[in-house]
S.K.: 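My questions all concern the structure below.
Below, each value reflects all heavy atoms present in this structure, side chains not excepted, and no hydrogens, waters or symmetry copies.
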2 protein chains.
Amino acid sequence: MNPAERENDDAARAADSRLVQDFGLLIKAATRLEQRIDTALRKECEVSHTMFEVLIRLCRRPDEEISQRLLADDLTLTSSGITRLIDRMEGAGLVRRVPAPGDRRSVLVEATDHGRAVFLRAATVHAQVVERYFVAPVARADYARLTHALGEIDKALRDT
Amino acid sequence: MNPAERENDDAARAADSRLVQDFGLLIKAATRLEQRIDTALRKECEVSHTMFEVLIRLCRRPDEEISQRLLADDLTLTSSGITRLIDRMEGAGLVRRVPAPGDRRSVLVEATDHGRAVFLRAATVHAQVVERYFVAPVARADYARLTHALGEIDKALRDT
DNA sequence: AATCAATTGCTGAGCAGTCAATGATTCCCT
DNA sequence: AGGGAATCATTGACTGCTCAGCAATTGATT
């Protein structure tokens with residue numbers, strides 16, 4: 001077997017490995033799931049999935065102060081990404097910018113009444129899709145393991 | 001409790017629900033994982049994660065005919081997305097377009113020697129990151145369940 | 001107290017994808 | 001055989017992000 005043939009062979013083996021397949025599956029499943037949610041939310045509630053994720057944080061505890069910085073870290077966006085996202089959400093009347101009392105560099109974000117109303121409608125759509133494509137396909141016994149595993153992965157990623 | 005207060009309360013409850021959290025975790029973990037891989041591959045091998053996913057398919061079985069259409073479906077991209085991706089990969093010399101023998105509408109894609117060489121280097125980088133952030137954090141017993149669950153989710157998404 | 005470093009949000013330029021429309025080919029049906 | 005519908009790849013116009021650089025503010029050190 002000449003060197004070129006061996007290289008082909010090595011490549012084929014690497015491409016066929018268990019790990020590569022499994023990892024690919026995780027990415028693919030997550031991507032498809034997010035696309036599904038996103039189109040459903042856009043069609044029925046005129047919000048993107050990303051905007052929905054912002055509204056989740058803002059509605060969870062209305063008294064909590066949430067800065068753009070915090071949102072960026074939590075959604076894995078850059079600060080400029082968040083600036084533009086909040087721009088659009090403000091333009092759509094979902095959200096309001098408020099200067100942070102303790103730090104004049106920072107900008108707090110809070111949901112408007114309209115934002116909360118949209119969030120409530122979106123949450124039911126969200127729940128339907130999640131129920132159908134995330135909860136239903138997974139055996140009851142596996143669900144807890146799945147979420148636990150995801151938590152560990154997230155932790156490992158955050159720690160470095 | 002007046003109507004506005006009730007709405008706030010409903011919103012807070014919805015934002016706090018188990019399902020919302022769990023689902024958010026899946027998306028976040030997958031996103032972070034993909035970003036991690038992507039930057040590692042870009043830095044050390046000058047390929048994006050998406051390009052790497054293409055190379056996996058092309059190297060797995062060198063005799064197999066792979067069209068742009070097939071790639072698009074498999075990577076959940078649109079046909080125009082694939083056209084542009086293959087444009088860039090062709091420009092980088094990783095890949096070659098070949099007219100499909102049986103169907104003159106279709107275009108087959110195959111890896112060049114350079115593409116296979118890059119893939120081999122990228123695969124070791126990929127394996128390191130996957131090992132560290134995907135395999136290591138998940139308990140041995142959970143791993144099989146996790147991949148099985150992901151497979152079921154993917155199946156549910158594909159069937160509709 | 002003064003300075004230097006770090007953090008926060010914003011802007012211009014660029015990149016990687018989408019959507020809608022198009023031309024070329026193939027499939028299906030009668 | 002012929003005509004309409006479907007399928008494939010491509011392009012132009014757009015979107016939503018990133019990156020690099022900025023000004024304003026804050027923190028840390030001496």
Side-chain angles (χ1 to χ4, degrees), chain A residues 27-28 30-32 34-43 46-55 65-92 94-110, chain B residues 27-28 30-32 34-43 46-55 65-92 94-110:
Chain A
I27 301 297
K28 201 201 292 188
T31 306
R32 286 225 172 98
E34 189 174 12
Q35 282 177 357
R36 196 67 67 125
I37 290 271
D38 190 60
T39 59
L41 288 178
R42 288 187 126 92
K43 190 162 299 176
E46 282 156 3
V47 260
S48 69
H49 172 65
T50 323
M51 291 180 180
F52 182 72
E53 289 286 333
V54 170
L55 289 175
E65 294 192 344
I66 301 210
S67 68
Q68 291 194 181
R69 177 74 270 164
L70 198 75
L71 286 172
D73 290 342
D74 218 27
L75 304 201
T76 32
L77 292 181
T78 55
S79 60
S80 61
I82 267 291
T83 295
R84 288 168 155 108
L85 176 59
I86 300 300
D87 282 351
R88 294 192 302 272
M89 293 185 74
E90 207 173 24
L94 297 166
V95 122
R96 179 173 37 234
R97 273 190 243 240
V98 178
D103 186 340
R104 275 186 296 177
R105 291 170 302 182
S106 183
V107 175
L108 301 185
V109 184
E110 48 189 50
Chain B
I27 301 297
K28 202 200 295 189
T31 305
R32 287 225 172 99
E34 189 174 13
Q35 283 177 355
R36 195 68 64 128
I37 289 271
D38 189 61
T39 58
L41 289 178
R42 289 187 125 94
K43 191 160 301 176
E46 281 155 5
V47 261
S48 69
H49 173 65
T50 325
M51 293 181 180
F52 181 72
E53 289 286 333
V54 169
L55 289 174
E65 293 191 345
I66 302 211
S67 68
Q68 292 194 179
R69 177 74 272 163
L70 198 75
L71 287 171
D73 290 344
D74 218 28
L75 304 198
T76 29
L77 293 182
T78 55
S79 59
S80 61
I82 267 290
T83 294
R84 289 172 154 111
L85 176 58
I86 300 299
D87 282 351
R88 293 191 303 271
M89 293 184 75
E90 207 174 23
L94 298 167
V95 124
R96 179 172 38 234
R97 274 189 243 241
V98 177
D103 187 338
R104 276 186 295 175
R105 291 169 302 181
S106 184
V107 175
L108 302 185
V109 184
E110 47 190 51

S.K.: Rounded to the nearest Å, what distance is computed from the CD atom of residue A/Glu65 to the P atom of nucleotide C/dT8?
M.R.: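 The answer, rounded to whole Å, is 15 Å.
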S.K.: Pick the closest DNA chain C nucleotide for B/Arg88 and for A/Gln68 by heavy atoms, then say which residue is nearer the 5' end.
M.R.: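 Its nearest nucleotide being more 5', the pick is A/Gln68.
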S.K.: With the side chain counted from C-beta on, respond yes when A/Gln68 and A/Ser106 share a heavy-atom pair under 4.5 Å apart, and no when they do not.
M.R.: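 Answer no - side chains too far apart.
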S.K.: What do you reckon, is CD of A/Gln35 surrounded by more than 12 foreign heavy atoms closer than 6.0 Å?
M.R.: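 Buried by this count: over 12 neighbours within 6.0 Å.
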S.K.: If I take atom CG in residue A/Asp73 and atom C1' in nucleotide C/dG9, what distance separates them, rounded to the nearest angstrom?
M.R.: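 Distance, rounded to whole Å: 13 Å.
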S.K.: Do B/Asp74 and A/Lys28 come within less than 4.5 Å of each other through their side chains, counting heavy atoms only?
M.R.: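 With C-beta onward as the side chain, the pair touches.
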S.K.: Assess whether side chain to side chain contact (heavy atoms under 4.5 Å, CB included) is satisfied between A/Leu70 and A/Glu65, documenting all intermediate values.
M.R.: CA-CA 10 Å; A/Leu70 198 75; A/Glu65 294 192 344; over 6 Å; no
S.K.: Send over the distance from B/Leu85 CG to C/dC15 P, rounded to a whole Å.
M.R.: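 In whole Å, C/dC15 P lies 15 Å from B/Leu85 CG.
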S.K.: Just how far, in rounded Å, is P of D/dA6 from CZ of B/Arg69?
M.R.: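 Rounded to the whole Å, the gap is 16 Å.
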S.K.: Compare all side-chain heavy atoms of A/Ser48 with those of A/Leu41 and state whether any distance is below 4.5 angstrom.
M.R.: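 No, their side chains stay 4.5 Å or more apart.
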S.K.: For D/dC8 and B/Arg97 - does any side-chain N or O of the residue sit under 4.0 Å from the phosphate oxygens OP1/OP2?
M.R.: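 Checking B/Arg97 against D/dC8: no side-chain N or O falls below 4.0 Å of OP1 or OP2.
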S.K.: Name the residue from A/Arg84, A/Arg97, A/Arg96 that meets the salt bridge (charged side-chain N to carboxylate O under 4.0 Å, His left out) definition with A/Glu90.
M.R.: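 Among A/Arg84, A/Arg97, A/Arg96, the one meeting salt bridge (charged side-chain N to carboxylate O under 4.0 Å, His left out) with A/Glu90 is A/Arg97.
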S.K.: Rounded to whole Å, how long is the line connecting atom NE2 of A/His49 with atom P of C/dG17?
M.R.: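 Rounded to whole Å, this separation is 19 Å.
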S.K.: Contact list please: residues 98-110 of chain A against DNA chain D, heavy atoms, distance less than 4.0 Å, in numerical order.
M.R.: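 Within this stretch, A/Asp103, A/Arg104, A/Arg105 sit under 4.0 Å of the strand.
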S.K.: Could you state the atom-to-atom distance from CD of B/Glu90 to P of D/dA9 in whole Å?
M.R.: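 Atom CD in B/Glu90 sits about 13 Å away from atom P in D/dA9.
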S.K.: Just verifying a value: how many Å separate A/Ile37 CD1 and A/His49 NE2, rounded to the nearest 0.5 Å?
M.R.: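 So the gap between those two atoms works out to 6.5 Å.
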S.K.: What's the shortest heavy-atom distance between B/Arg32 and A/Asp73, and which atoms?
M.R.: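 Minimum heavy-atom separation between B/Arg32 and A/Asp73: NH2-O, 3.3 Å.
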S.K.: Set out, line by line, the N/O atom pairs under 3.5 Å between protein and nucleotides 18-20 of chain C.
M.R.:
residue	atom	partner	partner atom	Å
C/dT18	OP1	B/Thr78	N	3.2
C/dT18	OP2	B/Thr78	N	3.2
C/dT18	OP2	B/Thr78	OG1	2.5
C/dT18	O4	B/Arg84	NH1	3.0
C/dC19	N4	B/Ser80	OG	3.0

S.K.: Using a 4.0 Å heavy-atom cut-off, does A/Ser48 contact any base of the nucleic acid, only the sugar-phosphate backbone, or nothing at all?
M.R.: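 Since no nucleic acid heavy atom lies under 4.0 Å of A/Ser48, the category is nothing.
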S.K.: Under a 4.5 Å cut-off applied to non-hydrogen side-chain atoms, are B/Met51 and B/Leu85 in contact?
M.R.: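 Yes, close enough: below the 4.5 Å cut-off.
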S.K.: A/Asp87 has an atom CG; how far is it from atom C1' of C/dT11, in whole Å?
M.R.: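 About 10 Å, once rounded to whole Å.
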S.K.: Between D/dC8 atom P and B/Ile86 atom CD1, what is the distance in whole Å?
M.R.: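 About 16 Å, once rounded to whole Å.
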